[in-house]
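Residue numbers start from 1 in every chain, and the chains themselves are labelled A, B, ... in the order their sequence lines are given, proteins ahead of strands.
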Number of protein chains: 2
Amino acid sequence: MERIFDKELTVLKERLLHMGSLAQSMIRVATKGLVEREEAILEEVFKNEEEVNQLHMEIDDRAMKLLALRQPMAVDLRFIAASIKINSELERIADQAVNICQNTQVLLKYPLLKPLIDIPRMAEIAQKMLNDSLEAFVNRDPDLAQTTLQEDDKLDNLKDQIFRELLTYMISDPTTIQRALCLILISRNLERIGDHATNVCEDVIYMVQGRDIRHPQKAPTPSRLH
Amino acid sequence: MERIFDKELTVLKERLLHMGSLAQSMIRVATKGLVEREEAILEEVFKNEEEVNQLHMEIDDRAMKLLALRQPMAVDLRFIAASIKINSELERIADQAVNICQNTQVLLKYPLLKPLIDIPRMAEIAQKMLNDSLEAFVNRDPDLAQTTLQEDDKLDNLKDQIFRELLTYMISDPTTIQRALCLILISRNLERIGDHATNVCEDVIYMVQGRDIRHPQKAPTPSRLH
């Protein structure tokens with residue numbers, strides 16, 4: 001009995017990691033399509049979305065069955081609860097990768113506005129955050145989760161910087177407005193991927209330490225666009 | 001024993017509904033502050049956010065304790081799992097209401113661009129979706145959940161319509177760009193509230209019928225901005 005349960009937990013973890021690596025590859029490929037201005041590259045992302053959606057339902061179903069049939073205690077219960085939450089974050093990350101592709105499709109109807117520098121940087125940070133959050137999950141490593149979630153500020157700052165820069169383009173030349181808007185939306189898609197990776201990190205910390213760090217009392221945020 | 005468990009389930013439901021009504025009021029007040037151009041009104045939303053954050057952690061904690069200590073079966077298990085998911089949707093809805101306030105604070109630095117018509121309509125639909133999704137949850141009503149989630153298309157269409165209209169403003173008069181961007185972001189905040197209410201509906205259908213309707217095979221979406 002015990003050994004079957006352990007095996008089921010391992011399968012749950014493996015399926016989640018498979019979904020995580022799909023989501024990561026979707027971010028990478030979406031950004032490649034954007035940077036290389038090659039619409040055909042994006043097809044892979046749309047194909048992966050279907051697999052991610054199937055995994056989303058499969059993983060939830062596995063987790064619910066484990067809760068119902070095995071009535072897990074303590075550590076195992078927290079692992080399964082974390083899996084359900086991380087599953088939902090990964091699905092939303094994949095959705096954001098799809099949104100990047102859709103925004104890129106609109107963008108590619110127009111000539112290049114400017115060489116992309118900050119957006120690929122954001123994509124790199126977002127991918128690394130996702131990768132590290134999953135590594136923290138697998139290795140039950142709350143320290144890695146903690147350092148990873150601090151990376152999120154970098155994404156927020158880059159997003160604001162991109163916004164300000166594109167605003168000046170739009171104001172000085174209205175023919176750039178549509179393209180600039182697409183890029184602003186893409187930077188927000190990447191920022192949201194960082195938010196979801198942050199949620200994964202918080203779930204890992206709760207899973208390992210039973211500590212809920214999600215809402216520290218913090219100073220009010222200065223007004224900026226959200 | 002049985003009676004204590006039932007009482008605990010009732011408390012869980014009541015706390016969730018309290019959080020839901022807070023989230024609803026946050027959308028209403030944020031929109032009021034926007035429409036009446038009155039920054040002081042927004043304060044209430046920032047205050048409510050703290051209570052929502054506390055509830056978010058409290059409800060998760062209650063649900064985890066019920067899973068651990070009561071080892072619930074079938075219907076009760078699905079109810080608790082749905083509570084955990086709906087809890088997270090409500091917290092994100094409240095976040096979006098806060099984002100509307102932050103975007104409004106920036107918007108109010110500029111004179112009125114145009115009387116708002118479609119955004120208040122979106123806010124009304126989003127509030128009603130949230131209200132009905134919670135009613136479907138309380139009454140275990142999958143039919144209401146099903147009709148409610150269909151409302152989401154209206155929000156998507158209004159968001160696209162707002163985008164197109166504001167784009168023409170921006171292109172014809174660059175002095176409107178900042179304000180138009182704020183309004184575009186607010187319309188997206190409202191659209192995301194609709195997405196979260198849709199997720200609540202899907203959770204209700206799963207809770208009552210054990211059917212996962214989240215990823216039907218659907219025709220590919222036409223390119224539009226996401």
| message | Under a 4.0 Å threshold between the charged nitrogen and the carboxylate oxygen, would E91(B) count as salt-bridged to R214(A)? | response |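 Here R214(A) does not pair with E91(B) in a salt bridge, since their nearest N and O are not under 4.0 Å apart.
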| request: With sequence neighbours left out, write down each residue that passes ring-ring contact (aromatic ring centres under 6.0 Å, His included) with F163(B), or none if nothing qualifies. | output: none
| query | Sequence neighbours excluded, which residues qualify as ring-ring contact (aromatic ring centres under 6.0 Å, His included) partners of Y206(B)? | reply | none
Determine whether a donor-acceptor pair (N or O, by modelled atom type, separation under 3.5 Å) exists between the side chain of [X] and the backbone of [Y].
X: N103(A); Y: N99(A); value: yes
X: T31(B); Y: A123(B); value: no
X: Q71(B); Y: Q71(A); value: yes

| What's the verdict on side chain to side chain contact (heavy atoms under 4.5 Å, CB included) for L225(B) and C182(A), showing C-alpha distance, side-chain angles and the deciding distance? | CA-CA 7 Å; L225(B) 292 166; C182(A) 289; 3.5 Å; yes
Check each atom of [X] against the heavy atoms of chain A and say whether the ones under 4.5 Å are side chain, backbone, both or neither.
X: R78(B); value: both
X: I186(B); value: neither
X: L181(B); value: side chain
X: L167(B); value: side chain
X: N199(B); value: side chain

| Of all of M170(B), M73(B), H56(B), which one pairs up most often with chain A through heavy atoms under 4.5 Å apart? |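 Highest number of heavy-atom pairs under 4.5 Å: H56(B).
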| request: Determine, stepwise, if the pair D195(B) / L155(B) fulfils side chain to side chain contact (heavy atoms under 4.5 Å, CB included). | output: CA-CA 9 Å; D195(B) 290 342; L155(B) 287 182; over 6 Å; no
| said: Checking an interface table here. Which of residues 58-67 of chain B come within a heavy-atom distance under 4.5 Å of chain A? | reply: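 Only D60(B), M64(B), L67(B) of residues 58-67 of chain B have a heavy atom under 4.5 Å from chain A.
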| Atom group of I84(A) that falls short of 4.5 Å from chain B, counting heavy atoms |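 Answer is side chain: those atoms of I84(A) sit under 4.5 Å from chain B.
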| What part of Q96(A) is in contact with chain B, defined as an atom under 4.5 angstrom from a non-hydrogen atom: side chain, backbone, both or neither? | neither
| note | With L108(B) as partner, the option from E39(B), E38(B), R179(B) fulfilling side chain to side chain contact (heavy atoms under 4.5 Å, CB included) is E39(B)
| field | Qualifying residues under salt bridge (charged side-chain N to carboxylate O under 4.0 Å, His left out), relative to R92(A), sequence neighbours excluded | value | E89(B)
| request: Name the member of I177(A), D95(A), L107(A), D173(A) that forms the most heavy-atom pairs with chain B at distances under 4.5 Å. | output: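 The answer is I177(A).
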